[in-house]
Student: 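Attaching a single structure in structure tokens format; questions to follow.
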Amino acid sequence: MTSMPALLEARGLVKHLGGRRVVDGVDLACHAGQVLGLLGPNGAGKTTTLRMLYGFLTADAGTIRFEDADVSRDVGRFKRQLGVCTQDDTFDGDFTVRQNLEIAASYFRPRPTDVRRRVGELLERFSLATYAGDKPEALSGGFRRRLMIARALVHRPRLLFLDEPTTGLDPQARVAVWDLVNGLRAEGLGIVLTTHYMDEAERLSDALTVLAQGKVVAHGTPKSVLGDMLGEHVVVLEADDVTKRVIAAWLDTRGLGEPFAILGAWHLPLSAEQLADFARAFPALRYEVRPPNLDDLFLKLALAPCAA
Amino acid sequence: MRGLTAAFEWQSRAVVARHLRVYLKNWHTSFLPPALEPITLLLAFGLGLGAYMASGLEWHGRRVAYIDFVAPGMLAYATFMTAVFQSLFGAFIRMRYQRTWEGQLTTQIELRHVVWGEVLWAALLTTTYVTIVAVVLSVCQTIGLLHLELALMPIVIPIVFVSACAFAALGLCFTALVPTIDHMNLPIFLVILPLGFVSATYFPLGHPVMAAISTVNPLYHLAEGIRSLLLGDGASYHLAGLAGLLAVMLGVLVPLDMRLLRKRVLGD
């Protein structure tokens with residue numbers, strides 16, 4: 001898949017907001033039929049990056065290319081290919097669900113063909129047909145998100161931006177959105193996704209770009225990103241302060257950094273070799289070993305390192 | 001320059017079309033205020049206050065009936081107030097509470113089109129309102145209450161449209177600046193109402209200070225320009241003054257609106 005030319009490619013994106021460099025040289029690429037997960041803790045620059053990518057903000061430096069063409073030469077043409085589902089609901093409250101889709105279609109040229117049929121298709125596909133005549137505020141959170149995604153698709157875009165599409169939804173509604181995203185990927189849409197839910201990123205993303213403090217700190221498949229950034233194993237242990245100090249010193253001498261703590265338990269990402277060393281160094285210690293996940297990565301980036 | 005030419009791009013028309021669609025959903029109630037307001041004002045000012053001025057008032061060296069003086073002023077005042085209030089409250093609600101603009105900006109609509117869409121919509125709505133007021137004035141003329149050159153209304157209507165664009169650009173400036181809807185009182189009481197008073201819409205400006213201030217008030221030139229046309233004096237220098245002020249307002253305020261709203265809406 002990655003040998004194909006990228007649908008969207010950004011190089012060296014920089015953005016200053018309020019005098020602060022919030023995006024600092026971000027590179028990323030998204031291919032057709034691929035979900036690119038854009039991850040990072042709060043303030044990492046995800047939403048700003050996304051907003052530059054879909055033309056809401058202008059980059060201070062860097063280039064954005066769509067199918068190898070510089071989008072700044074014809075932003076309007078580029079935006080015709082984009083569907084955007086923002087983090088917050090931005091429905092048109094003066095219109096019904098159906099009218100929201102119709103009015104969104106009127107904001108694109110060339111005009112989407114056969115809008116009435118397209119709207120009907122989307123209402124069916126997103127299970128919104130029952131609510132077609134209702135105002136969006138009458139919908140539940142899950143159906144509102146469905147409407148947001150449906151609206152982003154009304155003009156048949158080739159690239160879809162989903163900014164935290166399932167935030168605030170119950171598990172059932174989240175799974176329903178996942179199914180929809182999966183179906184859109186299968187149809188060949190490129191999808192750029194930001195989310196705070198690591199299980200969601202892991203399940204949906206074909207590739208991840210991880211941001212921290214405005215910079216890309218890792219990129220690749222979820223598995224390779226975890227391997228590169230965390231190692232193959234995570235040791236979870238609870239110990240007294242004395243033992244923790246000894247372990248911290250052991251980690252320090254090997255240059256392994258500091259563990260992150262959750263509710264008093266330490267989580268130590270280690271490679272297979274390091275785990276073997278750890279087991280030899282602390283034979284009497286009781287601990288659990290589990291595979292790393294994106295939560296670990298997220299916490300490693302987001303939490304301040306805990307002191308011994 | 002691109003910001004100014006955006007007025008003629010399809011995206012600006014798409015924004016206007018959206019507002020028109022909303023308006024037409026409630027057309028039966030939306031038409032009432034502009035139809036009833038001139039009747040109320042003509043009764044209150046024209047007949048009520050006018051009864052105390054049986055001999056009329058002095059205007060450009062001749063006597064005119066007060067009701068004939070005030071009717072053109074009503075058209076100017078309706079132009080000013082409708083345009084400003086639509087771009088103040090209507091636009092603010094769409095920007096802040098309904099988040100309509102954010103939704104539009106995720107499409108091929110750019111901020112410059114949103115701004116022009118709001119300006120053109122306010123102007124279109126204002127022109128519709130003024131046309132309704134003109135119809136009411138025609139009825140009053142038919143029953144002998146007024147004596148105006150209403151045949152010149154087709155000249156007045158385009159003047160109203162362009163003036164409304166400039167007044168809407170002024171209103172949008174405040175929309176971009178006020179932090180909450182409660183703060184709208186500041187521009188209304190400090191700018192809008194004073195401009196309305198120093199405009200010769202409902203009474204002539206006899207005081208030299210007010211007359212001096214009014215020379216830079218586009219509403220004054222609009223009121224006097226319309227009055228000259230409808231009272232049979234033809235096109236006056238006020239229309240030239242109005243054209244100059246409107247050009248300055250549109251040339252300065254629209255780019256300023258875009259700059260202020262870019263910061264406010266996009267955070268850029």
Side-chain angles (χ1 to χ4, degrees), chain A residues 15-18 20 22 47-48 50-60 74-96 99-112 135-137 147-148 151-152 154-155 157 160-163, chain B residues 2-3 5-6 8-27 29-30 86 89-118 120-121 125 258-259 261-268:
Chain A
K15 187 69 190 173
H16 294 84
L17 290 176
R20 207 167 61 86
V22 291
T47 296
T48 305
L50 212 62
R51 286 178 160 209
M52 281 191 282
L53 292 175
Y54 62 70
F56 209 83
L57 294 176
T58 310
D60 295 337
D74 192 347
V75 176
R77 195 171 159 196
F78 169 57
K79 290 182 88 176
R80 179 63 181 80
Q81 306 296 333
L82 306 185
V84 180
C85 173
T86 51
Q87 194 174 324
D88 299 313
D89 295 337
T90 55
F91 307 120
D92 201 322
D94 286 310
F95 294 115
T96 64
Q99 288 168 338
N100 260 274
L101 298 180
E102 289 168 354
I103 207 82
S106 75
Y107 297 147
F108 291 96
R109 296 290 186 282
R111 284 176 188 276
K135 289 282 181 74
E137 63 258 27
L147 175 56
M148 282 294 289
R151 193 181 69 172
V154 73
H155 57 297
L160 178 64
F161 289 95
L162 297 173
D163 194 2
Chain B
R2 206 174 162 208
T5 57
F8 304 102
E9 291 172 2
W10 69 263
Q11 292 97 325
S12 302
R13 290 196 297 278
V15 174
V16 173
R18 178 261 168 215
H19 298 333
L20 180 63
R21 192 169 167 178
V22 175
Y23 179 78
L24 289 177
K25 282 168 67 175
N26 308 311
W27 67 270
T29 49
S30 307
Q86 179 57 220
F89 288 98
F92 191 87
I93 288 166
R94 284 189 281 276
M95 174 187 72
R96 180 84 160 77
Y97 298 106
Q98 296 186 326
R99 305 184 77 168
T100 311
W101 293 7
E102 257 180 85
Q104 289 170 336
L105 290 168
T106 61
T107 67
Q108 283 177 291
I109 310 283
E110 304 278 340
L111 186 70
R112 60 183 187 275
H113 305 120
V114 172
V115 169
W116 269 115
E118 293 293 341
L120 292 171
W121 166 243
L125 186 68
M258 289 176 189
R259 194 185 175 117
L261 289 167
R262 171 162 283 282
K263 193 168 179 62
R264 173 143 197 179
V265 179
L266 306 180
D268 200 5

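Throughout, a chain's letter reflects where its sequence line sits, starting with A, and its residues are numbered from 1.
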Student: Calculate, to the nearest 0.5 Å, the distance between atoms CD1 and OG1 belonging to A/Ile103 and B/Thr100 respectively.
Tutor: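 Rounded to the nearest 0.5 Å, the CD1-OG1 separation comes out at 10.5 Å.
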Student: Hey, is CZ on B/Phe8 packed in by over 12 heavy atoms from elsewhere, all under 6.0 Å?
Tutor: no
Student: Of the listed residues (B/Leu105, B/Val265, B/Val15), which shares the most heavy-atom pairs with chain A below a 4.5 Å separation?
Tutor: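 Of the options given, most contacts go to B/Leu105.
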Student: Could you tell me which portion of A/Phe78 (side chain, backbone, both or neither) has an atom closer than 4.5 angstrom to a non-hydrogen atom of chain B?
Tutor: neither
Student: Can you tell me which portion of A/Asp92 sits under 4.5 Å from chain B's heavy atoms? Options are side chain, backbone, both or neither.
Tutor: side chain
Student: Sort B/Gln11 into side chain, backbone, both or neither according to what part of it lies under 4.5 angstrom from a heavy atom of chain A.
Tutor: neither
Student: Compare every heavy atom of B/Glu110 with every heavy atom of A/Val75, then report the nearest pair and how far apart it is.
Tutor: CG1-OE2, 3.7 Å
Student: For residues 19-27 of chain B, give me every residue with a non-hydrogen atom less than 4.5 Å from any non-hydrogen atom of chain A.
Tutor: B/Arg21, B/Val22, B/Lys25
Student: Can you sort out the partners of B/Asp268 under side-chain hydrogen bond (donor to acceptor under 3.5 Å, both in side chains), two or more places apart, ordered by chain and number?
Tutor: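 Applying side-chain hydrogen bond (donor to acceptor under 3.5 Å, both in side chains) to B/Asp268 gives A/Lys15, B/Arg262.
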Student: Using a 4.5 angstrom heavy-atom cutoff, name the option from A/Phe91, A/Phe95, A/Tyr54 with the most pairs to chain B.
Tutor: A/Phe95
Student: Grab the two heavy atoms, one from B/Arg99 and one from A/Thr90, that are nearest each other, plus how far apart they are.
Tutor: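 Heavy atoms of B/Arg99 and A/Thr90 come nearest at O-CB, 3.8 Å.
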Student: What option among A/Leu57, A/Leu82, A/Thr86, A/Thr58 has the most heavy-atom pairs under 4.5 Å with chain B?
Tutor: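 The answer is A/Leu57.
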Student: For A/His155, which residues count as a ring-ring contact (aromatic ring centres under 6.0 Å, His included) partner, sequence neighbours excluded?
Tutor: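 Partners of A/His155 under the ring-ring contact (aromatic ring centres under 6.0 Å, His included) test: A/Phe108.
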Student: Could I get the full list of side-chain hydrogen bond (donor to acceptor under 3.5 Å, both in side chains) partners for B/Gln104, not counting sequence neighbours?
Tutor: A/Tyr107
Student: Shortest non-hydrogen contact from B/Ala14 to A/Ser106?
Tutor: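 Heavy-atom minimum between the residues: CB-O, 3.8 Å.
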Student: Go through B/Gly103, B/Ala17, B/Gly267 and name the one with the most non-hydrogen pairs under 4.5 angstrom from chain A.
Tutor: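 Looking at each option in turn, the highest pair count goes to B/Gly103.
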Student: To check you understand the geometry: which heavy-atom pair defines the closest contact between A/Arg51 and B/Leu266, and what is its length?
Tutor: NH1-O, 4.0 Å
Student: Between B/Gln108 (side chain only) and A/Arg109 (backbone N and O only), is there a donor and an acceptor less than 3.5 Å apart?
Tutor: yes
